[in-house]
Protein chains: 2
Amino acid sequence: MSERRTQILRAAVRVIAQDGVRGLRIEKLAAAAGVSTALIYYHFKDRSGILHAALEHINRRAENYTEPAQATNGDPLAELEQMLLLELQDIDEVRENSVAWGELRASAVFNHDLRKALQTTTRAWNTDIEDLVGQAKAVGGVAADVDPALAAEHLTALVEGLSERWHSGSISLHRARQVLTQVIAGYRARTT
Amino acid sequence: MSERRTQILRAAVRVIAQDGVRGLRIEKLAAAAGVSTALIYYHFKDRSGILHAALEHINRRAENYTEPAQATNGDPLAELEQMLLLELQDIDEVRENSVAWGELRASAVFNHDLRKALQTTTRAWNTDIEDLVGQAKAVGGVAADVDPALAAEHLTALVEGLSERWHSGSISLHRARQVLTQVIAGYRARTT
DNA sequence: GTCTATACAGAGATAGAC
DNA sequence: GTCTATCTCTGTATAGAC
């Protein structure tokens, strides 16, 4: 992919994180990227083209920082906790991504075109978490009667809910992390 | 409140549920309400006035159907489950409200004016659920070491997360209800 | 209170030069 | 590939009659 394209896409994520998908203005994006509006149309055809490309870009970034972070000494549940808490951090890149991701979800409610990309990434995330729960089960970290798929959907949906509350000012970041931590603790070798 | 106002507000909720807060067009709203655009400005001053009034209206509706539904024989946890599952139903009024409410949250991420109304309703909801968890604790329905406030935030944030996934097509309604039911079941007299 | 007609601004998109 | 200039459409908002 050309330099220019990525330059514009990076700017797009920034602008989306600030104004939302539906608040994205080509002129503002052009300013943020330091190029003319015409160039944006040249590279992305139209508004919807930019949006799709930007959302793909967000997905790719999301997949990246999902990768194994620190050593967790083979404790799958600890790794899971780390992976989920990753989304709830006040660091520019993470917050930007998380807000933009939330916007993608919110927009997909009304724009059916966006749903497919959303589903793919959501499923991938669910699967990652499901695997970790499965591993935790194998080593006795969680009870045998926990359904990994169900637990994964529970945890990821919860993270999304907490993120949006955080971004919309209805819960503090600290509190959100606390809720999540407690819920995960609740999975440690218990019943159901 | 005048007849006309409520007529317009009802239409507004419908339109918001269909196109989102940011997709609301005065002309479309006028058509949906069967009035002229000028009349809308007459009653609500400007676009933002309509939005605020519509969101208040949504809040009022939400508070209503939150009321005790069916007899639950004094089982607080059953009542809680019923109250939360209420949000996950494929019935026009509920879905409309739930979508509109999701839009309010999503818009509040970028529009700080909306946050106050959001916080108020969120807090009220949390408190209701917290009370029920407290009652359940009192009758031994949930373990003594469960923190009702934390549990309430967990459950309500989860419902929001599941709702949005449902509305954006990333989870089926049935599956969302299943996840929620299981999570609540996990609270029945257990540790943490 | 309610409508018709219209002014005005903002934002998406394109033409054409370099 | 990239820019400047500009066209055009859509959507908010108002004027003024009834």
Side-chain angles (χ1 to χ4, degrees), chain A residues 1-58 100 103-104 106-114, chain B residues 1-58 100 103-104 106-114:
Chain A
M1 159 141 40
S2 86
E3 259 320 292
R4 272 293 197 236
R5 273 183 71 94
T6 46
Q7 173 186 350
I8 294 170
L9 288 179
R10 259 197 295 272
V13 177
R14 245 181 297 135
V15 175
I16 290 175
Q18 200 169 79
D19 301 335
V21 164
R22 285 159 290 186
L24 182 141
R25 297 290 165 257
I26 307 300
E27 204 157 344
K28 184 161 181 180
L29 170 55
V35 301
S36 69
T37 63
L39 188 63
I40 293 177
Y41 287 103
Y42 172 78
H43 282 294
F44 299 95
K45 170 145 174 76
D46 60 13
R47 190 178 185 282
S48 139
I50 303 159
L51 243 37
H52 275 86
L55 296 172
E56 268 173 45
H57 188 245
I58 291 166
E103 262 293 285
L104 168 54
S107 305
V109 174
F110 307 104
N111 184 346
H112 289 224
D113 294 10
L114 299 176
Chain B
M1 161 142 35
S2 87
E3 260 319 293
R4 272 293 196 238
R5 273 182 71 93
T6 46
Q7 173 187 348
I8 294 171
L9 288 179
R10 260 197 295 272
V13 177
R14 245 180 296 135
V15 175
I16 290 175
Q18 201 169 79
D19 302 334
V21 164
R22 287 160 288 184
L24 182 142
R25 297 288 165 258
I26 308 300
E27 204 157 342
K28 183 161 182 181
L29 170 56
V35 301
S36 69
T37 63
L39 189 63
I40 292 178
Y41 287 103
Y42 172 79
H43 281 294
F44 298 95
K45 168 140 175 79
D46 60 12
R47 190 176 186 282
S48 139
I50 302 158
L51 243 38
H52 275 86
L55 296 173
E56 268 174 44
H57 188 247
I58 291 166
E103 262 291 286
L104 169 53
S107 305
V109 173
F110 308 103
N111 184 343
H112 289 224
D113 294 12
L114 299 175

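Here the OG-CG distance, from Ser2(B) to Leu9(B), works out to 9.0 Å after rounding to the nearest 0.5 Å. The line from CG of Leu55(A) to CD of Glu103(A) is 9.5 Å long, rounded to the nearest 0.5 Å. Ile16(A) contributes atom CD1, which lies 9.0 Å from atom CG of Leu104(A) (distance to the nearest 0.5 angstrom).
Here the shortest heavy-atom pairing between Phe110(A) and Gln18(B) reads CD2-O, 3.0 Å. Residue Ala12(A) comes nearest to Leu24(A) through the heavy atom pair O-CD1, 4.3 Å, listed as atom of the first residue, atom of the second, then distance.
Around atom CD of Gln7(A), more than 12 heavy atoms belonging to other residues, nucleotides or ligands sit under 6.0 Å away.
Between the OH atom of Tyr42(B) and the P atom of dT2(C) there is a distance of 8 Å, rounded to whole Å. Atom CD in Gln7(A) sits roughly 12 Å away from atom C1' in dG1(D) (whole-Å rounding). Nucleotide dA11(C) holds its P atom 14 Å from the CD1 atom of Ile50(A), rounded to whole Å. Rounded to a whole Å, the CZ atom of Phe44(A) is 14 Å from the C1' atom of dT2(D). Put simply, NE2 on His43(B) is 18 Å from C1' on dT12(D), counting in whole angstrom units.
Non-hydrogen atoms lying under 4.0 Å from DNA chain C are contributed by Val35(B), Ser36(B), Ala38(B), Leu39(B), all within residues 31-41 of chain B. Residues of residues 15-22 of chain A that place a heavy atom closer than 4.0 Å to DNA chain C do not occur.
Residue pairs meeting the salt bridge (charged side-chain N to carboxylate O under 4.0 Å, His left out) criterion with at least one member in residues 2-19 of chain A, sequence neighbours excluded, are Asp19(A)-Lys28(A).
Under the side-chain hydrogen bond (donor to acceptor under 3.5 Å, both in side chains) criterion, Arg47(A) pairs with no residue, sequence neighbours left out.
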Could you tabulate the donor-acceptor pairs under 3.5 Å formed by side-chain atoms of residues 29-46 of chain B, not counting sequence neighbours?
| residue | atom | partner | partner atom | Å |
| --- | --- | --- | --- | --- |
| Ser36(B) | OG | Leu39(B) | N | 3.3 |
| Asp46(B) | OD1 | Ser48(B) | N | 3.4 |
| Asp46(B) | OD1 | Gly49(B) | N | 2.9 |

Might you list the N or O atoms of the protein lying below 3.5 Å from N or O atoms in nucleotides 9-11 of chain D, with each pair's distance?
| residue | atom | partner | partner atom | Å |
| --- | --- | --- | --- | --- |
| dG11(D) | OP1 | Arg25(B) | NE | 3.4 |

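Considering only heavy atoms from C-beta on, Ile26(B) comes within 4.5 Å of Ile50(B) through its side chain. You'll find the side chain of Asp113(A) reaches within 4.5 Å of the side chain of His52(A), heavy atoms only.
Within the structure, every side-chain polar atom (N or O) of Arg4(A) is placed at least 4.0 Å from both OP1 and OP2 of dG1(D).
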